[in-house]
Amino acid sequence: MSHVTTASLIQMKQQKEKIAVLTSYDASFTSLIEDAGVEVILVGDSLGMVIQGQESTLPVDVTDIVYHTRCVARGRRNALLIADMPFMSYSSTEQALGTAGRLMKDGGAHMVKLEGGATQLDTVRQLTANGIPVCAHLGLLPQSVHKLGGYRVQGRDDESARIMKEDALALEEAGAQMLVLECVPSDLAREISESLTIPVIGIGAGPHCDGQVLVIYDMLGITPRQPPRFVKNFLHGAASVAEAIKHYQQAVKDGSFPAQEHSFK
Ligand code: KIV
């Protein structure tokens, strides 16, 4: 695999080749993820829950993400490396520029991810105007879990589906170069994926997105809680962690993951 870029990912979308994405937080897992040919690695603020044992992603700070991004960058060879902008680290465009600058300069990220729709358009414009590629995130926004009243599927009624479609188009227009859709009904995710030029990566968003992402600890079954419906344990039937990651990559590529039982209506 040659170096993955925002341009090569758009080409994959155009050629209808599915994009495999996994989270990683250290160099050793990153090396296995690279061996499996996964195209994109996300240092998600999910690290607050799976690494730090927090109740939510809210306590994660920029220093945590910089530290883990630097660890992942040491194991990275070809994948595009995205780092999450943590809760309250992009409440103004000035603050967002400072945070993104640290993630890229100190962490070695190639792209930053932030949660939210219409309220983030100015920030996305400012970041991209400064040469910082942005991955947007719509649907279930874990940083807004208290506002949403829990981890629930989003976009089930006509009005929220309409807003999500408008937000997705506006984010692309503002310069976002990738979009994550989390916990969204399959048909809505399909509509959004088909209406955008940029790659749409789903997690609990059905099989029609341009790619899929999972938290690596979830797909290896390393989780003290009941995993969400959209998770599949790829360690089942695999002889090693490396093989489980390869099975995940293959299942995303051939479209067998996610199946109907991992998706929402
Ligand atoms: O923090 C994270 O790992 C994420 C993915 C679940 C998309 O945002």
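One-based numbering, in listed order, for ligands and for the atoms of each.
Ranking protein heavy atoms by distance to atom 8 (O) of ligand 1, first place goes to Lys113 NZ, 2.9 Å. Residue, atom and distance of the protein heavy atom nearest to atom 4 (C) of ligand 1 are Leu42 CD2, 3.6 Å. If you check which protein heavy atom lies closest to atom 2 (C) of ligand 1, you get Ser46 OG, 3.3 Å. Nearest protein heavy-atom neighbour of atom 6 (C) of ligand 1: Ile203 CD1, 3.6 Å.
Distances below 4.0 Å separate heavy atoms of Asp84 from the following atoms of ligand 1: 1 (O), 2 (C), 8 (O). Close approach of ligand 1 to Gly44 (heavy-atom distance below 4.0 Å) involves ligand atoms 1 (O), 2 (C), 3 (O).
Contacts with ligand 1 closer than 4.0 Å are made by side-chain heavy atoms of Thr23 only, the backbone lying farther away. If you look at Thr57 next to ligand 1, there are no close heavy atoms at all, none under 4.0 Å.
Side-chain contact of Tyr90 with Gln143: a donor-acceptor pair under 3.5 Å is present, judged by distance alone.
Among residues two or more places apart in sequence or in another chain, the side chain to side chain contact (heavy atoms under 4.5 Å, CB included) test is passed with His236 by Asn233. In this structure, the salt bridge (Lys or Arg N to Asp or Glu O under 4.0 Å) partners of Asp122, at least two apart in sequence or on a different chain, are Arg125.
Asp26 is not listed as a side-chain neighbour of His68, based on a closest heavy-atom distance of 4.5 Å or more. At a threshold of 4.5 Å between non-hydrogen side-chain atoms, the residues Gln126 and Leu97 count as touching. Contact of the Lys265 side chain with the Pro185 side chain is not registered, since no non-hydrogen atoms from C-beta on lie closer than 4.5 Å.
Close N/O approach between Glu182 and ligand 1 is not found [any backbone or side-chain N/O within under 3.5 Å]. The distance criterion of under 3.5 Å between nitrogen or oxygen atoms is not met by Tyr25 with respect to ligand 1.
With Tyr248 as the aromatic partner, Lys246 does not meet the cation-pi criteria of under 6.0 angstrom to the ring centre and within 45 degrees of the ring axis.
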